[in-house]
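All figures in this text were calculated on a predicted structure; none of them were measured in a lab.
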Amino acid sequence: SKFAVEGFCESLVVQALRFNVAISLVEPGPVMTEFETKLYEEAERADYSRTDPETAEIFTKLYLRNSRDVFTSLGQTPEDIEKKTGWQGAPHKKKVIEAARPPFRHQTKKKYTPMAALKHADPSGALITDAFYKLVFKYDEKKRFGLR
């Protein structure tokens, strides 16, 4: 749903400027909800005995462990987004609403900014795909500790 809102706003922002209407996206990046928690818990308890052993090992030993660490490190809870403050100490939405010239994009977690920048820097999508692939499948224990 966040991606749908982003696409809608991107298509509307130019037309809205004609009427001096500003559109702002508050972009939290990954949001940790009960859905993700249950998804990871169920995936960890699942029976992979009928899955080919190599795929099951990659999924359980690499993908699940590392993707959860990446998601937890880069993500925020809905409460964090609502209560924590953004630039200059004001709550995110208040800062955007009260800005004389609100930004089109406002990110709520600085740690996610490099990933968002990769997404917009490369129209092919190769940079962001490669970065996430390396985070999920290619990092070692030192990087895991750094994410935590």
Side-chain angles (χ1 to χ4, degrees), residues 1-14 16 22-99 102-148:
S1 61
K2 288 188 304 178
F3 187 73
V5 170
E6 180 179 9
F8 175 72
C9 288
E10 284 178 354
S11 68
L12 189 61
V13 69
V14 174
I23 294 177
S24 290
L25 291 167
V26 175
E27 298 185 318
V31 179
M32 298 175 296
T33 64
E34 192 174 311
F35 175 80
E36 282 78 22
T37 301
K38 286 183 179 180
L39 185 69
Y40 280 114
E41 288 171 357
E42 288 180 18
E44 288 169 355
R45 288 191 310 262
D47 176 16
Y48 298 104
S49 61
R50 296 187 325 188
T51 306
D52 83 86
E54 182 181 8
T55 301
E57 183 174 354
I58 289 170
F59 183 73
T60 58
K61 301 260 190 309
L62 282 175
Y63 179 80
L64 276 180
R65 180 185 70 177
N66 294 349
S67 67
R68 186 177 210 165
D69 282 353
V70 169
F71 197 85
T72 302
S73 173
L74 296 176
Q76 299 170 90
T77 66
E79 294 77 23
D80 288 339
I81 298 162
E82 178 66 25
K83 294 176 184 171
K84 286 192 177 177
T85 58
W87 75 98
Q88 299 176 355
H92 292 290
K93 66 183 178 183
K94 181 179 183 202
K95 200 63 185 161
V96 171
I97 290 169
E98 292 180 352
F104 176 61
R105 296 182 189 280
H106 170 70
Q107 294 175 345
T108 63
K109 188 157 187 179
K110 289 185 182 206
K111 244 183 174 179
Y112 191 71
T113 299
M115 299 307 278
L118 288 177
K119 178 181 174 185
H120 296 290
D122 177 16
S124 76
L127 288 174
I128 189 73
T129 302
D130 186 56
F132 272 117
Y133 176 82
K134 286 176 179 170
L135 282 172
V136 172
F137 290 108
K138 298 288 184 185
Y139 73 76
D140 59 18
E141 289 302 317
K142 288 180 187 174
K143 290 180 188 168
R144 280 177 58 79
F145 181 75
L147 282 172
R148 291 184 192 155

Exceeds 12 heavy-atom contacts within 6.0 angstrom, atom CD of E57: no
Neighbour count above 12 (heavy atom, 6.0 Å) for E54 CD: no
Partners passing side-chain contact (heavy atoms from CB on, under 4.5 Å) against S49 (at least two apart in sequence or in another chain): D47
M115 side, atom CE; Q107 side, atom CD - distance, nearest 0.5 Å: 11.5 Å
side-chain contact (heavy atoms from CB on, under 4.5 Å) partners of V136, counting only residues at least two apart: Y63, S67
Results of ring pair (Phe, Tyr, Trp, His ring centres under 6.0 Å) for F104 - residues two or more places apart only: none
Closest non-hydrogen atom pair between P102 and V96, with its separation: CB-O, 3.6 Å
F137 atom CZ, over 12 foreign heavy atoms within 6.0 Å: yes
CG on D130 to CG on L135, rounded to 0.5 Å: 9.5 Å
Non-neighbouring partners of A56 that pass side-chain contact (heavy atoms from CB on, under 4.5 Å), sequence neighbours left out: Y48, T51
Rounded distance [0.5 Å steps], CG in L39 versus CZ in R68: 9.5 Å
Listed partners of F35 passing ring pair (Phe, Tyr, Trp, His ring centres under 6.0 Å), at least two apart: none
K38 and E34 ion-paired at < 4.0 Å: yes
Pairwise side-chain contact, D80 with K109, heavy-atom cut-off 4.5 Å (strictly under): no
T113 side chain vs K110 backbone, donor-acceptor pair below 3.5 Å: yes
Partner residues of E36 under the side-chain contact (heavy atoms from CB on, under 4.5 Å) criterion, sequence neighbours left out: T33, F71
Donor-acceptor under 3.5 Å (D69 side chain, N66 main chain): no
Heavy-atom closest pair, residues S24 and P103: OG-O, 2.5 Å
Pairing of E27 and K119 as salt bridge, 4.0 angstrom limit: no
Rounded distance (nearest 0.5 Å) linking atom CD1 of I58 with atom NZ of K61: 11.5 Å
Side-chain touch T72/M32, heavy atoms, less than 4.5 angstrom: yes
Test item: D122 and I128 side chains (from C-beta on) under 4.5 Å apart, heavy atoms: no
Shortest non-hydrogen contact from V31 toward T77: CG1-C, 4.3 Å
